[in-house]
Amino acid sequence: MPYTAPANEYQFLFDHVTGFARLAETEKFSEATGDVTAAILDEAAKLANEILAPLQRPGDLHPARLENGVVRTSPGFADGYNAIAEGGWVGMAADPEYGGMGLPQSLVNAVMEMVGGACLSLQLAPLMTQGQIEALEHHASDEIKRIYLPKLISGQWNGTMNLTEPQAGSDVGALRTKAEPRGDGTYAITGQKIYISWGDNDFTENVCHLVLARLPDAAPGTKGISLFMVPKRLPDDNGNAGVANDLKVVSLEHKLGLHGSPTAVMQYDGATGWLVGEENGGMAAMFTMMNNARLGVGGQGIAVAEAAYQHALAYAMDRKQGRAVQDDTIIGHADVRRMLAEMKADVFAARAIGAACAFAIDMDHATGAAEWKARAALLTPIAKAFGTDIGIEVAQKGIQVHGGMGFVEETGAAQYLRDVRVTAIYEGTNGIQAADLVARKMMDGGEAAYALIDEMEDAVEGLKDELPDLASAVFSALETLRETTEWLVEQEMNDRMAGSVAYLRLFARCLGAHYHLAAAKAAGSDSARAKLARVYIGRLLPEHRGLAEHVMQRAEDLYALSVEDLVA
């Protein structure tokens, strides 16, 4: 399936939209200069285009399978993973003390989008490991760091995240997995976990599971949860993968998409584990990994959106059907042109939001400034939810561009939608992201939101002479966002929740318009980017009015419908 990694798009975002150059001015990221950044993007694009993209269809057609307790991965996946590991891409952001590169999250975000656009099923393996690395760096003991981090960073070992159980999905506090102390610093872990991405494979030396479990007499709910490192093979005295632990893959899920990624049901039968972080502090430790993964999953949505757009564009430029106003192929039809233009505009908006979130995380790490921490926290649920929503919407439009051929598996268009659909569900459903935005992220009374709105309005105000019609439309939308935020923070929590998804979408629409405007300014009023900004601001941004109305409906009408009314 044809794919060209968007390295140039990221270079443009870094140079003209996110302010990436500021990172090189900090002590922490002083080596992230323009030359280094360009070289990394170029090499990552080669990896994606030449090595990983050819694995996309084989992974779908020849899924991972479980044979006699052994997971067999899709053809070529072992070589693809080894190329990722040997290139140092797993440990890009990791601490150099343990073999990492110490690079900004902004670059990791860009590289992982390119890897995911090429082959999302395989990209999940390093993505999970990167999240585990960050969790261990922040919460693990020195001994666990010494043993596990070098192997995870090198890619010799891979990491997973074990939260969900059959009776405990988003309600993590309902988990039943037990951790019994043995008195020697280890714990016996017993229980079952489901939906474990890359729970096993046939190409890494070890699989390292971070498992949430409950100690004896622990408090109920999330306050009584601890986190444990439970490896597939127990490290020997030299830190190498040794004898097998008491755990196994029970089965692999039969999924709508991501067939090349083995999603396991894991059984732990008194498996040996080590505590990570404090007793009963498992959620705090796990949230470090989850927040890393949420930005990464938003990037997965964008990755698939980019690939689906490229696939649809290539088809539209080749397919002859009917009489078009321009060109000989269906790209000359107005509605096909509309779909492609909206797809491209939404991909840019979602990518810019993700890049801005990654930049805020980097500035927080580099400066420790409270305003950057608040900015990163505010943008994370928006980047995750909007990135994955756009992935689904663009993949769906890609099928529509193909017409009937999009419904035929041989064209490959349907795979993008099947693969991306889960991204709106895992790492916290998009409804949970929206709830987090209007609740936890508004505990400051909207201060972080207002600071971002102020910043956007100042930037747009400065463009009213240069791009008057576009700037005026964006400024008006930002005022609607401000007024809606003012209303929201005054409401009871359930009324906030009733409009939470619409509020997140409203915020994202306005952010996308702001970044499109910045791109138009940088490229010039007659540029392709300015023309794309006009599509976004003229056709997609007007959605903000209806979203604002939705937010302010409160919850009364929803609960006026009884269960019986819904059944009738």
Side-chain angles (χ1 to χ4, degrees), residues 345-346 349-350 352-353 356-357 360 371 374-386 389-390 430-465 467-518 520 533-534 536-559:
D346 261 340
I353 292 170
C357 182
E371 58 267 28
R375 176 68 56 83
L378 179 74
L379 287 176
T380 295
I382 300 173
K384 192 277 182 182
F386 189 67
D389 280 347
I390 292 307
N430 286 1
I432 288 174
Q433 305 304 317
D436 177 49
L437 177 63
V438 303
R440 187 185 301 271
K441 302 306 164 55
M442 294 293 171
M443 289 176 64
D444 61 357
E447 182 178 339
Y450 293 137
L452 182 51
I453 294 168
D454 288 342
E455 185 178 303
M456 290 191 288
E457 286 191 340
D458 288 344
V460 172
E461 187 74 40
L463 293 175
K464 283 187 174 178
D465 290 335
L467 298 164
D469 54 338
L470 297 181
S472 295
V474 176
F475 194 90
S476 177
L478 290 171
E479 280 296 285
T480 299
L481 175 60
R482 181 187 298 279
E483 293 163 4
T484 308
T485 305
E486 291 170 348
W487 180 90
L488 186 80
V489 297
E490 297 297 325
Q491 307 310 306
E492 296 293 332
M493 192 54 67
N494 209 39
D495 287 333
R496 294 191 196 185
M497 293 298 171
S500 60
V501 170
Y503 180 74
L504 187 150
R505 180 80 171 200
L506 167 61
F507 215 128
R509 274 284 170 240
C510 292
L511 283 164
H514 166 66
Y515 296 131
H516 265 291
L517 205 57
R534 192 169 298 279
Y536 184 93
I537 293 167
R539 292 180 178 271
L540 301 174
L541 181 60
E543 182 184 342
H544 80 274
R545 301 186 191 97
L547 291 168
E549 289 287 336
H550 184 157
V551 173
M552 297 185 190
Q553 287 300 304
R554 295 192 171 91
E556 183 179 356
D557 62 329
L558 302 179
Y559 290 91

Would you mind reporting whether Leu379 and Leu511 have side-chain heavy atoms less than 4.5 Å apart? yes
Distance in Å, Arg482 CZ paired with Phe475 CZ, rounded so as to fall on 0.5 Å steps: 7.5 Å
What is the distance from atom CG of Leu517 to atom CG of Leu470, rounded to the nearest 0.5 Å? 6.0 Å
Closest non-hydrogen atoms of Gln491 and Arg496, given as atom of the first, atom of the second and distance, are O-NE, 3.4 Å
By the definition side chain to side chain contact (heavy atoms under 4.5 Å, CB included), identify the one residue from Met442, Met552, His550 that meets it with Tyr503. Met442
Counting only heavy atoms not in Glu486, do more than 12 sit closer than 6.0 Å to its CD atom? yes
Should the heavy atoms of other residues, nucleotides or ligands under 6.0 Å from CG of Asp458 be counted, would the total exceed 12? yes
Counting distance only, does the side-chain N/O of Asp495 pair as donor-acceptor with the main-chain N or O of Arg554 below 3.5 Å? no
Is any side-chain heavy atom of Asp469 less than 4.5 Å from a side-chain heavy atom of Arg534? yes
Heavy-atom check, side chain of Glu461 versus side chain of Glu457, under 4.5 Å: no
Closest heavy-atom pair, Tyr536 versus Asp346, reported as atoms and distance to 0.1 Å, is CE1-OD1, 3.6 Å
Does CD in Glu447 sit with more than 12 non-hydrogen atoms of other residues, nucleotides or ligands closer than 6.0 Å? no
To the closest 0.5 Å, what do you measure between CG (Leu506) and OG1 (Thr485)? 7.0 Å
